[in-house]
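Everything on this sheet refers to the single structure shown next.
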Amino acid sequence: LSMQNSIEDQFLRAYEQKTYKVDVHIGTASVQSASNELLTLLDQISKKWDTKVNLHVSEGISSVHSCIQSRGLSPIRLLNQLGLLSERWNLIHAVNIDEEEVSMIAKAKAHVIHCPVSNAKTGVGIAPIKLFLEYGVNVGLGTDACSNNNTNNILNEAYFAALLQGAYHSDPNIISVDTLMHWLGA
């Protein structure tokens with residue numbers, strides 16, 4: 001109970017800064033840095049205060065393997081098994097996932113925050129954007145932390161996402177302008 005009160009108190013200090021232009025979410029760095037109990041607590045706080053949980057997930061293949069080794073499941077499967085995967089969750093990166101996990105994300109109506117510049121800079125891979133689009137996953141753009149992105153320019157993210165996916169799929173129209181505009185406003 002004291003951990004819950006402490007985390008919720010810290011969140012509320014930030015939440016007081018919420019405005020009609022600035023939303024405040026709760027989160028943790030990654031599945032590896034959080035126990036199942038902490039992930040569940042974050043979900044409960046997000047429900048109580050009608051906000052979202054931000055979580056870096058399945059970024060690099062090593063983080064996926066680490067989660068499987070320590071928890072017996074990949075990060076997406078773990079969140080799903082815990083009953084946490086929902087529209088309240090923003091899954092940052094979601095690069096190293098398979099089609100079944102994309103389906104889980106779509107069914108849960110969770111969101112993916114695509115950080116293509118950071119993913120490229122850190123060499124973690126290319127997100128399965130085509131699958132996200134096919135399954136109707138809501139995608140937004142992010143810049144990640146400054147240590148992983150030299151510009152933190154959201155327009156640069158949109159431009160790079162379109163170029164990268166077009167090159168990867170040999171189709172320059174894989175991400176439409178309308179899709180990019182939606183992502184910028186998501």
Side-chain angles (χ1 to χ4, degrees), residues 23 25 27-32 39 42-43 46 51-65 67-68 73-145 148-149 151-186:
D23 203 359
H25 300 169
T28 187
S30 67
V31 171
Q32 292 81 347
L39 294 170
L42 296 175
D43 189 64
S46 78
T51 191
K52 298 202 182 298
V53 179
N54 294 339
L55 181 70
H56 292 247
V57 65
S58 301
E59 187 172 353
I61 195 69
S62 63
S63 69
V64 174
H65 289 154
C67 188
I68 292 169
L73 295 167
S74 69
I76 300 298
R77 285 179 173 84
L78 176 68
L79 292 171
N80 193 54
Q81 184 184 63
L82 292 172
L84 302 177
L85 205 56
S86 74
E87 71 282 350
R88 286 182 309 284
W89 286 72
N90 288 330
L91 307 172
I92 304 165
H93 301 291
V95 171
N96 290 283
I97 61 176
D98 60 32
E99 189 168 353
E100 184 181 11
E101 291 170 306
V102 172
S103 177
M104 289 176 188
I105 292 167
K107 285 178 184 164
K109 296 183 174 30
H111 311 276
V112 169
I113 307 304
H114 182 38
C115 305
V117 173
S118 170
N119 296 342
K121 183 178 178 186
T122 58
V124 296
I126 298 172
I129 296 299
K130 187 174 180 185
L131 279 176
F132 293 151
L133 294 173
E134 289 171 1
Y135 278 84
V137 172
N138 186 45
V139 177
L141 288 170
T143 60
D144 204 9
N148 297 335
N149 186 331
T151 65
N152 283 344
N153 179 332
I154 201 69
L155 295 176
N156 192 47
E157 298 294 327
Y159 177 69
F160 190 69
L163 288 178
L164 184 64
Q165 291 294 320
Y168 183 75
H169 292 286
S170 300
D171 178 1
N173 299 311
I174 196 81
I175 302 176
S176 70
V177 171
D178 288 343
T179 297
L180 283 176
M181 295 307 291
H182 171 74
W183 288 1
L184 285 166

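These figures come from a predicted structure and were not determined experimentally.
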Sub-4.5 Å side-chain heavy-atom contact between Trp89 and Val57: no

Kindly indicate whether the side chain of Gln81, heavy atoms from C-beta on, has any atom under 4.5 Å from the side chain of Leu73. yes

Side chains of residues 112-128: which donor-acceptor pairs under 3.5 Å do they make with residues two or more places apart or in other chains?
{"residue": "Ser118", "atom": "OG", "partner": "Asp144", "partner atom": "OD2", "Å": "2.7"}
{"residue": "Asn119", "atom": "OD1", "partner": "His93", "partner atom": "ND1", "Å": "2.7"}
{"residue": "Asn119", "atom": "ND2", "partner": "Cys115", "partner atom": "O", "Å": "3.2"}
{"residue": "Lys121", "atom": "NZ", "partner": "Asn150", "partner atom": "OD1", "Å": "2.6"}
{"residue": "Thr122", "atom": "OG1", "partner": "Ser118", "partner atom": "O", "Å": "2.8"}

Nearest non-hydrogen partners of Ala162 and Leu180, listed with the distance: CB-CD1, 3.8 Å

Can you find a heavy atom in the side chain of Trp183 that is under 4.5 Å from one in the side chain of Asp178? no

Could you tell me which non-hydrogen atom of Ile174 sits nearest to which non-hydrogen atom of Gly166, and how far apart they are? CG2-N, 3.7 Å

Go through the steps to decide whether Leu79 and Leu91 satisfy the test side chain to side chain contact (heavy atoms under 4.5 Å, CB included), and finish with yes or no. CA-CA 11 Å; Leu79 292 171; Leu91 307 172; 3.9 Å; yes

Note, Val31 side chain near Leu55 side chain (heavy atom, < 4.5 Å): yes

Rounded distance (nearest 0.5 Å) linking atom CD1 of Ile61 with atom NE2 of His65: 4.0 Å

Output the distance between atom CD (Glu100) and atom CG (Leu131), rounded to the nearest 0.5 Å. 12.5 Å

Quick check for you: to the nearest 0.5 Å, what is the distance between Phe160 atom CZ and Thr151 atom OG1? 10.5 Å

Any side-chain heavy atom of Ser86 within less than 4.5 Å of one from Lys109? no

Not counting sequence neighbours, which residues clear side chain to side chain contact (heavy atoms under 4.5 Å, CB included) with Asn173? List them please. Asp171

If you define the side chain from C-beta out and look only at heavy atoms, does anything of Ser74 sit under 4.5 Å from Glu101? yes

Spacing of Ser103 atom OG and Ile76 atom CD1 [to the nearest 0.5 Å]: 12.0 Å

Does any N or O in the side chain of Gln32 come within less than 3.5 Å of the main-chain N or O of Ser63, such that one atom is a donor and the other an acceptor? yes

What closest approach, in Å, do Leu78 and Cys67 show between heavy atoms, and which atom pair accounts for it? CD2-SG, 4.3 Å

Exercise: identify the closest heavy-atom pair between Asn153 and Leu155: OD1-N, 2.9 Å

I want to check something: taking the side chain as every heavy atom from C-beta on, are His111 and Val139 in contact at a cut-off of under 4.5 Å? no

Using every non-hydrogen atom in the two residues, find where Ala161 and Ile175 come nearest and quote the distance to one decimal. O-CD1, 3.6 Å

Determine, step by step, whether His56 and Ile92 satisfy the side chain to side chain contact (heavy atoms under 4.5 Å, CB included) criterion, reporting the C-alpha distance in whole Å, the side-chain angles of both residues, the deciding distance to 0.1 Å, and the verdict. CA-CA 5 Å; His56 292 247; Ile92 304 165; 3.7 Å; yes

Just how far is it from atom CG of Asn156 to atom CG of Asn149, taken to the nearest 0.5 Å? 7.0 Å

Between atom CG of Leu85 and atom CG of Leu39, what is the distance when rounded to the nearest 0.5 Å? 11.5 Å

So, do Lys130 and Tyr168 sit near enough that their side-chain heavy atoms are less than 4.5 Å apart? no

Salt bridge (Lys or Arg N to Asp or Glu O under 4.0 Å): which pairs involve residues 85-98, sequence neighbours left out? Asp43-Arg88, Arg77-Asp98

